[in-house]
Amino acid sequence: MTAADVLVIGGGVIGASVTYYLTRAGLQVTLCDRGDIASGTSSACEGQMLAVDKRPGYDLDLALTSQKLLSEISGEFESVLQYQQTGSLLAVEEEDLHAAREFVTRRKQAGLRVDLLDAQTLRSRVPALAEDIAAGIWCPSDATLNPMALAYGMTVTAQESGARVLPYTEVLSIKKDAGGAAVGVSTSDGDLTADRVVCAAGVWTPGILQTVGVDVPIRPRKGHVLVAQRGSSPYQGAVQEFGYQKTILGMKRGRVPSALKEYGIAFVYEYTRDGNFLVGASRQFAGFSREVDPDVVRWLARRAIRFVPGLSDINVIRIYTGFRPHTPDHRPIVSRVPGVPGLFIAAGHEGAGVGLAAVTGRLTADLVCGRAPVIDPEPLQLGRFTEGGD
Amino acid sequence: MRTTDVTVIGAGPAGLAAATECARAGADVLLIDASRQVGGQLVRQTHKFFGSSAHMAGSRGIDIARRLGKEAKESGVQIWIDSAVHNLTPTGEIHVVQDRLACAEKPDAVKTRQVSARRIILATGAREKSIAFPGWTLPGVMGAGAAQTMINLHRVLPGRRVLMVGSGNVGLIVTYQLLQAGAEVAAVVEAACDIGGYQVHAAKVRRAGVPILTSQAIHSARGRREVVGATAVELDGQGNARPNTRRSFSVDTVCIAVGLRPEIRLARMAGCRLIFCPPLGGWTPIHTEHMCVAPRVYAAGDICGVEEASTAMEEGRLAGMAASASLGLVTDERLRRRTGQIQSRLQQLRGATFSRRRRRSKQRLIRQGTEEWATADWRIYCSRRPKEPAIPVQAGKNSAQLPAPAEEDKSLRDDTIICRCEEVTAGEIRTAISRGARTVSAVKRRTRAGMGLCQGRTCEMLVARLLSQATRQPADVFAVDHRRPPVVPVTFGALAGDSHDSS
Ligand SMILES: Cc1cc2nc3c(=O)[nH]c(=O)nc-3n(C[C@H](O)[C@H](O)[C@H](O)COP(=O)(O)OP(=O)(O)OC[C@H]3O[C@@H](n4cnc5c(N)ncnc54)[C@H](O)[C@@H]3O)c2cc1C
Ligand SMILES: Cc1cc2nc3c(=O)[nH]c(=O)nc-3n(C[C@H](O)[C@H](O)[C@H](O)COP(=O)(O)OP(=O)(O)OC[C@H]3O[C@@H](n4cnc5c(N)ncnc54)[C@H](O)[C@@H]3O)c2cc1C
């Protein structure tokens with residue numbers, strides 16, 4: 001029973017970043033996770049920090065702010081973040097050429113550095129790509145990092161400045177005082193009191209908020225990832241098929257096999273500094289089952305070979321699945337919880353939580369401390385999902 | 001997809017006997033093995049086996065393998081060799097990758113196939129345990145199995161002068177075979193205070209002039225590019241090194257024979273419940289007296305606790321009998337009679353050759369399996385997710401009375417490499433533990449130990465031992481193999497499958 005200024009629930013990239021920024025703001029923070037740090041989605045994902053895939057306007061600003069914040073602080077972390085600004089590449093098929101041109105124009109107008117590479121330039125840069133790929137969208141400022149290293153780095157740095165980290169401590173419920181304000185949590189290891197509580201439990205957030213009668217529309221959107229043998233990488237950077245943009249937003253895709261649509265499969269390739277590379281990804285609503293579905297794997301492998309034929313001979317050594325915290329409008333929730341003073345939520349980043357971790361931590365700290373926010377928090381309010389909310 | 005009545009995975013003595021039993025009962029049987037010949041461990045055994053004539057004692061392992069293989073074929077078993085099972089799905093599909101070994105040079109020729117089976121028999125045997133010490137990643141340090149493969153299958157000497165670590169039967173037999181092949185063995189070191197293997201084997205080794213040094217552990221291997229020497233150290237009763245007892249050997253090879261553990265990865269995928277039994281090699285699926293480990297799934301041989309070829313064959317017969325009976329191919333009456341006969345032979349074998357601890361563990365395993373089968377509904381084969389904590393907690397209880405085997409010098413240096421695929425040191429792992437990692441997978445996430453090509457097969461136990469030292473719990477409590485496919489590396493091309501069904 002120790003009192004803290006703020007209690008953070010969940011030690012994924014989001015909770016770690018919230019803890020880091022709150023500690024930096026001078027608050028006494030306790031972070032608890034029911035497992036080890038980064039034992040949820042943040043260790044079952046990829047590590048791309050992309051701006052190119054964000055809608056120009058607020059979403060792009062959010063991503064760019066996050067990239068900027070991270071580059072400011074990355075030097076502080078004891079663990080190597082494996083942060084590398086390799087740039088990102090979207091591989092465009094013939095039928096999407098028109099859409100790709102428009103995509104690039106809109107981003108250029110918004111001030112992002114992007115280029116449309118013609119087939120020849122593309123091939124000279126990434127010889128491993130299939131010959132019929134019509135074009136590439138190149139964004140040099142995008143980066144990749146190791147999400148687990150990010151979470152560990154941020155928590156260790158916070159710990160060194162006085163934060164308390166409690167792994168293997170499961171929050172059972174949020175506690176309120178007579179006036180209805182959050183005053184702490186009860187855990188598998190006893191009660192913890194705090195002036196304020198931030199729930200950053202990713203896809204598990206709804207269950208926790210339910211204990212104070214608050215509905216949060218976050219659902220697990222499952223993804224499969226294949227890990228390839230070290231030392232076999234055909235390209236040392238990040239590539240996605242342009243069609244992925246459509247999958248994320250649930251737009252109609254052109255002439256692709258129905259299984260790809262059913263499983264929400266699009267080719268995503270990420271080289272990691274450890275020398276492996278990751279190939280994804282699928283997007284499915286399939287509850288909380290972490291089961292590897294061999295049919296999804298089959299189609300993932302087929303899609304990968306369609307874009308990089310040379311993958312055919314390369315070994316997959318591991319397959320994992322993770323749950324993206326999906327919200328109905330694909331935007332995270334970084335917000336006070338209406339009706340429960342002292343309670344905040346930072347969750348629902350779907351497939352972008354690694355990239356958005358820095359800005360989320362910073363913005364949450366701004367909200368908790370009542371400081372001027374680093375970016376307009378309005379579009380991320382929880383209230384937007386309820387009737388009459390904005 | 002190939003459909004079968006029974007698919008047996010693993011063609012060692014257990015799998016061969018099981019397959020033959022089912023085929024003789026009239027089942028359509030497929031037997032799958034990852035290696036290029038059937039026989040499992042037997043194909044490396046050039047010595048004559050003990051036991052009764054009913055178990056082909058007096059024959060060499062390799063000849064027993066041939067005979068069992070011939071019997072299986074003659075009874076109508078279809079055999080796929082060079083076929084590794086890389087996944088078992090919740091719906092009971094078996095995913096196989098074929099010709100990995102034959103096509104090592106042209107991976108695009110590797111094929112995948114799928115099999116559906118009304119009954120599955122797991123006979124995947126056991127694999128070697130490992131230990132870490134400074135220098136263990138140098139060329140020249142190898143498992144006893146590898147050394148045996150070199151001398152008995154490929155006819156090449158692993159080295160001129162060898163230090164053998166471990167005096168169990170494997171260590172003693174391989175020592176003797178190394179001598180026969182023309183190598184010198186400087187000594188056998190054994191961390192426990194007694195010799196682990198049979199006296200006959202030990203006597204043979206001693207007669208050949210090789211000292212067996214008990215209460216001594218390997219301390220380090222020396223060398224820049226390869227082993228040029230090794231040091232052993234004396235241990236006290238607690239497994240700590242006694243000061244000033246180092247003894248150095250001039251050797252070019254260090255052979256590790258510190259025991260075998262059941263190969264349970266497919267069993268995990270099949271949703272089997274596990275129990276931790278040090279006398280049987282560690283984590284073992286609990287099973288009924290009919291070798292049933294989950295609905296529609298049976299297991300036999302070393303996977304159910306490391307024993308011997310003779311017991312493996314008998315367990316295989318039991319599993320085959322029970323699987324056939326459950327398909328209606330064998331009457332209850334016959335099942336009862338045969339089971340009775342086989343059980344009494346097993347009892348005899350275990351009575352004669354095994355320590356009380358081993359026999360008791362096996363009995364407990366069966367008792368627990370039979371009870372669970374009767375009371376619980378075994379939906380696990382479908383759900384496949386036994387609650388994570390349930391296993392370690394239960395294991396802790398079971399293994400609390402049993403001291404962790406003292407296999408090495410406990411004071412492992414921080415700069416010793418533990419995960420050789422990813423080059424993670426003991427120091428890095430200790431840091432991860434001090435920061436809060438409490439499971440093998442938490443250590444893996446923090447350090448990458450176990451993320452490499454072997455997927456933790458080698459280092460998992462070593463990480464577990466460091467966790468055990470830090471938390472004062474028995475080591476094997478922490479080491480449960482992950483359940484995720486693929487069990488062996490599979491190419492993208494093979495995973496993508498046949499092109500004809502891609503729409
Ligand atoms: C396949 C895949 C690929 C992805 N690729 C990318 C990418 O390239 N780039 C990118 O930016 N994003 C990517 N993402 C998304 C990103 O991984 C997530 O948005 C991000 O990890 C979410 O972080 P989080 O901290 O909110 O959740 P989590 O990491 O899940 O953290 C939540 C934590 O809360 C803990 N918890 C749960 N319940 C309790 C409780 N009751 N008490 C205490 N603790 C509790 C959990 O143990 C967990 O550690 C990907 C996701 C997937 C699945
Ligand atoms: C050095 C040594 C000496 C021995 N001496 C004797 C002795 O004198 N007398 C005696 O009775 N016993 C002896 N044994 C023990 C005996 O060899 C084993 O107990 C016996 O072989 C176990 O049989 P098994 O069928 O359970 O497993 P194994 O013989 O280990 O066979 C398992 C098979 O499963 C296959 N497999 C595993 N995973 C997969 C997968 N995913 N896909 C496809 N196939 C797979 C393997 O390739 C292997 O062929 C000795 C063992 C050793 C190592």
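Naming: A, B, ... by sequence-line order, numbering from 1 per chain. What you see is a predicted model; the values in this text were computed from it and never measured.
Heavy-atom minimum distance, B/T491 versus A/S312: CB-O, 3.3 Å. The two residues B/A496 and A/A301 come nearest to each other via the heavy atoms N-CB, 3.7 Å. The shortest non-hydrogen separation linking B/A442 to A/D36 is CB-OD2, 3.5 Å. Of all heavy-atom pairs between A/S39 and B/R445, the closest is CB-NH2, 3.2 Å.
Cation-pi geometry between B/R446 and A/Y152 is satisfied (NZ or CZ under 6.0 Å from the ring centre, within 45° of the ring normal).
Contacts with chain B were tallied for A/P309, A/S43, A/P167; A/S43 has the most, counting heavy-atom pairs under 4.5 Å.
The contact between A/N276 and chain B is made entirely by side chain atoms (from C-beta outward), counting heavy-atom distances below 4.5 Å. Using a 4.5 Å cut-off between heavy atoms, A/Y320 touches chain B through backbone and side chain atoms alike. Of the atoms belonging to B/E422, heavy atoms from both backbone and side chain fall under 4.5 Å from chain A. Only the side chain of A/I305 comes within contact range of chain B, with at least one heavy atom under 4.5 Å from a heavy atom of that chain. Only the side chain of B/H95 comes within less than 4.5 Å of a heavy atom of chain A; its backbone N, CA, C and O stay farther away. With a 4.5 Å cut-off on non-hydrogen atoms, B/C421 touches chain A through its backbone but not through its side chain. Using a 4.5 Å cut-off between heavy atoms, A/I37 touches chain B through backbone and side chain atoms alike. With a threshold of 4.5 angstrom between heavy atoms, A/V279 approaches chain B through side-chain atoms but not through N, CA, C or O.
Using a 4.0 Å cut-off between charged nitrogen and carboxylate oxygen, B/R448 and A/D274 count as a salt-bridge pair.
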**Report entry** Step-by-step side chain to side chain contact (heavy atoms under 4.5 Å, CB included) determination, A/R298 to B/L495
**Finding:** CA-CA 5 Å; A/R298 185 172 307 131; B/L495 286 173; over 6 Å; no
Requested in this report: Determine, stepwise, if the pair A/V308 / B/F492 fulfils side chain to side chain contact (heavy atoms under 4.5 Å, CB included).
Outcome: CA-CA 11 Å; A/V308 183; B/F492 280 91; over 6 Å; no
Query raised in the report: Hey, mind stepping through A/Q229 and B/L453 against side chain to side chain contact (heavy atoms under 4.5 Å, CB included) and telling me if it holds?
Result: CA-CA 6 Å; A/Q229 183 174 347; B/L453 186 58; 3.6 Å; yes
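Side-chain contact of B/R100 with A/N315: a donor-acceptor pair under 3.5 Å is absent, judged by distance alone.
With hydrogens and angles disregarded, a donor-acceptor distance shorter than 3.5 Å links the side chain of A/R318 to the backbone of B/M451.
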